[in-house]
Amino acid sequence: MASRSLIHESIGILREAVAQFERPVLLFSGGKDSVVMLHLAMAAFRPAPLPFPVMHIDTGHNLPEVIEFRDRVVAQHGLRLEVASVQASIDTGRVADVQGPRSSRNTLQTVTLLDAIAEYRFDCVFGGARRDEERARAKERVFSHRDEFGQWDPKQQRPELWGLYNGRHHRGEHFRVFPLSNWTELDIWRFVRDHGIELPSIYFAHSRQVFRRDGMLMAVSPFVEQADDEHAFEATVRFRTVGDATCTAAIESTASTPDEVVDETAVARITERGATRADDRISEAGMEDRKRTGYF
Amino acid sequence: MSGLLKFATVGSVDDGKSTLIGRLLLDSKNIFDDQLSHIEDVSRRRGSEFTDLALLTDGLRAEREQGITIDVAYRYFATPRRSFVIADCPGHVQYTRNMVTGTSTVDLALVLVDARHGVVEQTRRHTVLTSLLGVPHLVICVNKMDLVGHDEAAFQRVIDEFTAFAAKLELRDVTFIPISALAGDNVVDRSDHMPWYQGGSLLHHLETVYTASDHNLIDTRFPVQYVIRPHTTEHHDYRGYAGTVAGGALRVGDDVVVLPSGLPATVAAIDGFDGPVTEAVEGDAVVVRLAEHVDISRGDMLCRPHNRPTITQDLDAMICWMDDQAPLRVRGMYALRHTTRQVRAMVTDLQYELDITSLHRNRDATSLGLNAIGRVTLRTTAPLFVDDYTRNRTTGSFILVDEATNATVAAGMIRPRGEGTHGA
């Protein structure tokens with residue numbers, strides 16, 4: 001099966017990066033892609049412990065189930081967790097908080113992320129991004145160079161041939177490394193199903209208070225201000241992606257097991273980000289613009 | 001049949017590569033509703049008469065503004081028979097290095113040819129490159145058949161032109177298919193417009209092309225990528241050699257030798273992703289444990305005692321120069337990455353530059369500029385364990401890195417030393 005070669009490719013990438021870089025870190029949000037990436041990383045170095053810490057960029061606007069899950073996974077596997085907090089970036093004046101009913105701290109994360117990379121002197125940041133998610137990501141290399149300002153230059157990407165990855169860089173620069181580049185949403189779910197991977201409960205159908213915004217179902221949350229005409233109602237939903245509560249929507253679904261989610265994903269007619277991500281709706285090149293300045 | 005086929009789309013600008021991919025995805029029902037409505041929307045806003053399927057793959061702002069492909073875009077789709085990874089490659093000469101990036105690992109290349117213009121310079125260029133890169137299967141899609149009245153003679157003319165040109169190349173498997181990417185003729189479904197064409201549709205060909213014999217099953221090569229030493233009480237004596245099998249197979253109990261030391265050893269265990277396995281084949285990322293205590297580090301290689309790679313500090317190679325800042329120069333020093341090994345290398349000789357459209361060898365060349373192809377001799381600071389690229393795309397390939405800028409400046413394909421032909 002295709003997924004077998006994907007697993008081998010990802011493990012090879014994780015090991016290659018650890019061999020080439022001095023201070024790697026793995027971004028762990030508790031989302032399904034980062035959970036799968038973490039499992040592959042642990043497998044890649046077994047029986048040795050994970051040779052790098054994991055880091056969560058915390059907007060402070062999370063769904064509580066995800067934070068609970070994050071802490072449980074970290075404790076269960078004895079991982080080192082660094083939390084870089086957007087609230088701390090606001091408190092120290094690095095960024096100004098966003099205001100208004102439709103505000104989201106999503107873009108503020110870039111500053112927090114880059115500050116944390118500089119503070120810990122990380123030279124390799126593993127991200128769970130996949131090329132099938134979004135058209136700018138479809139263009140990105142597996143080993144993706146960032147300059148001293150954390151910027152991605154999509155027109156000057158290093159050629160990346162065969163399995164030969166070039167992670168050489170100058171001091172202060174870093175690489176984003178994407179072991180799941182060639183996975184699709186369906187590959188992720190099949191892996192979750194076949195290997196019994198635990199995910200936050202919000203990935204499976206549950207009853208929740210939601211309201212409708214721009215055709216999407218947003219969870220009722222203390223961090224999201226509802227307009228007067230955005231009435232809350234109860235629905236059976238699940239999340240296809242997990243970001244911060246202000247920019248991630250749920251979908252109506254009764255899929256309550258990995259098996260059922262695989263079946264649902266196989267026949268989905270809407271992409272996962274199209275169905276659920278308010279942050280991609282900003283403009284045609286929303287993701288590319290954010291990535292250029294250092295976003296995930 | 002292998003469950004996964006990686007293929008690249010190449011060809012000249014405006015020959016319709018991105019449109020063809022859009023058509024493949026659309027007609028095989030692999031485009032999501034929100035993606036389709038998005039590109040319909042953008043096409044309408046731009047005053048286009050039809051939905052511009054190229055918008056699906058041209059993901060960068062500059063690409064959408066200029067209507068061209070600058071860098072490789074990767075797309076994924078599946079049919080009940082197979083999963084596919086598409087590397088949609090740029091057509092412009094100036095982005096050849098990105099085309100080479102997209103083509104280096106694929107099983108098959110689709111070369112788009114405009115039926116009205118026939119084989120043009122960029123067709124030749126990309127065909128030579130796919131041949132140099134050792135892509136095992138080639139499909140020549142003669143596109144825009146609707147614009148030549150679905151005329152069989154136009155199709156035959158392209159076949160004749162291509163065959164005459166390709167006679168000088170080593171191409172193992174070439175298939176010609178007349179299509180219209182815009183209208184969908186012979187892309188997913190067979191067309192009613194070309195009853196004279198007896199072959200299957202493009203998708204049918206992609207689903208059924210046989211790739212299992214493309215892999216090297218004979219020469220066992222295991223470059224050591226990373227040494228796993230847990231340093232824990234529980235696994236105090238554990239020492240595992242992680243890597244990806246680069247050819248042949250390793251089995252528990254196999255006799256191996258370690259390069260460069262040449263010491264013999266025996267495979268005691270192989271750890272796969274979710275537990276011990278008895279065998280690992282090409283492409284498997286595993287951890288090998290040996291019965292003997294031997295000193296092994298990253299960059300070493302395990303192979304079979306009677307089937308060893310060439311151990312050498314002198315390389316003869318075809319290279320594609322990819323740096324836009326400075327040309328390749330004789331006597332230049334570069335960092336060289338080969339499998340998991342990094343050494344330094346000096347260019348000792350530029351034998352010739354290959355004119356990629358005429359296949360003429362210019363032996364007076366003194367440097368190689370951006371996107372130039374040439375035959376060079378290199379001397380490395382430490383031995384490498386190499387095979388001829390045509391036998392093994394992993395142990396036969398390397399990249400050169402500029403030591404000052406850290407940019408990847410060349411892709412190299414190792415040729416047997418002293419071989420007289422260009423080997424393309």
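All chains are named by letter (A, B, ...) in the order of the sequence lines, taking the proteins before the strands, and each is independently numbered beginning at 1.
At a threshold of 4.0 Å, the pair B:Arg75-B:Asp88 does not count as salt-bridged, since none of the basic side-chain nitrogens sits closer than that to a carboxylate oxygen. A salt bridge links B:Arg344 with B:Glu403: the distance from a Lys NZ or Arg NE/NH1/NH2 to an Asp or Glu carboxylate oxygen falls below 4.0 Å.
Under the 6.0 Å cut-off for aromatic ring centres, B:Phe273 and A:His39 do not qualify, their centroids lying 6.0 Å or more apart. Aromatic ring centres of A:Tyr295 and A:Trp152 lie farther apart than the 6.0 Å criterion allows. For A:Trp162 and B:Tyr389, the ring centers sit closer than 6.0 Å to each other.
Between chain B and the options A:Pro47, A:Gly163, A:Ala268, A:Pro51, heavy-atom pairs under 4.5 Å are most frequent for A:Pro47. Top candidate by heavy-atom pairs under 4.5 Å with chain B, chosen from A:Ile11, A:Val18, A:Leu164, is A:Leu164. Contact count versus chain A (heavy atoms, under 4.5 Å) is highest, among B:Thr244, B:Asp284, B:Val100, B:Ile399, for B:Asp284. By number of non-hydrogen pairs under 4.5 angstrom with chain A, the leading residue of B:Val286, B:Leu133, B:Asp274 is B:Val286. Counting heavy-atom pairs under 4.5 Å between each of B:Ala411, B:Ala78, B:Ala335 and chain A puts B:Ala411 at the top. Highest contact tally toward chain A, considering only B:Ala407, B:Ser397, B:Ala246, is held by B:Ser397 [criterion: heavy-atom pairs under 4.5 Å]. Options A:Ala19, A:Pro49, A:Ala43 differ in how many heavy-atom pairs under 4.5 Å they form with chain B, and the most are formed by A:Ala19. Top candidate by heavy-atom pairs under 4.5 Å with chain A, chosen from B:Gly412, B:Gly102, B:Gly243, B:Gly272, is B:Gly412.
If you measure heavy-atom distances from A:Pro154 to chain B, the contacts under 4.5 Å come from both the backbone and the side chain. With a 4.5 angstrom heavy-atom cutoff, B:Ala404 touches chain A only via backbone atoms. Looking at A:Ser181, only its backbone comes within 4.5 Å of chain B, counting heavy atoms on both sides. Both the backbone and the side chain of B:Arg337 come within less than 4.5 Å of a heavy atom of chain A. Residue B:Thr103: no heavy atom, backbone or side chain, is found under 4.5 Å from chain A. Within the 4.5 angstrom heavy-atom criterion, only backbone atoms of B:Thr339 (N, CA, C, O) approach chain A. There is no contact between B:Leu36 and chain A, counting heavy-atom distances below 4.5 Å.
Between A:Phe52 and A:Phe126, the two ring planes are tilted [angle within 30° to 60°].
Around the CD atom of A:Gln76, the shell of radius 6.0 Å holds more than 12 heavy atoms that belong to other residues, nucleotides or ligands.
At a heavy-atom cut-off of under 4.5 Å, chain B is reached by A:Arg141 from residues 140-150 of chain A, listed in order of number.
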One pair to check against salt bridge (Lys or Arg N to Asp or Glu O under 4.0 Å): A:Arg130 and A:Glu185. What are the steps and the verdict? CA-CA 8 Å; A:Arg130 311 186 321 262; A:Glu185 184 187 16; 5.3 Å; no
Might you work through the ring-ring contact (aromatic ring centres under 6.0 Å, His included) test for A:His169 and A:Phe21, ending with a clear yes or no? CA-CA 10 Å; A:His169 59 282; A:Phe21 295 98; 5.6 Å; yes
N/O donor to acceptor pairs below 3.5 angstrom from side-chain atoms of residues 226-241 of chain B, sequence neighbours left out:
from     : atom 1 : to       : atom 2 : distance (Å)
B:Thr232 : OG1    : B:His235 : N      : 3.3
B:Tyr238 : OH     : B:Asp271 : OD2    : 3.0
B:Tyr241 : OH     : B:Val294 : O      : 3.4

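With a 4.5 Å cut-off on side-chain heavy atoms, B:Phe84 and B:Tyr76 do not count as touching. Using a 4.5 Å cut-off on side-chain heavy atoms (C-beta onward), B:Arg97 and B:Asn371 make contact. Residues B:Arg81 and B:Leu5 are not in side-chain contact: their nearest non-hydrogen atoms beyond the backbone lie 4.5 Å or more apart.
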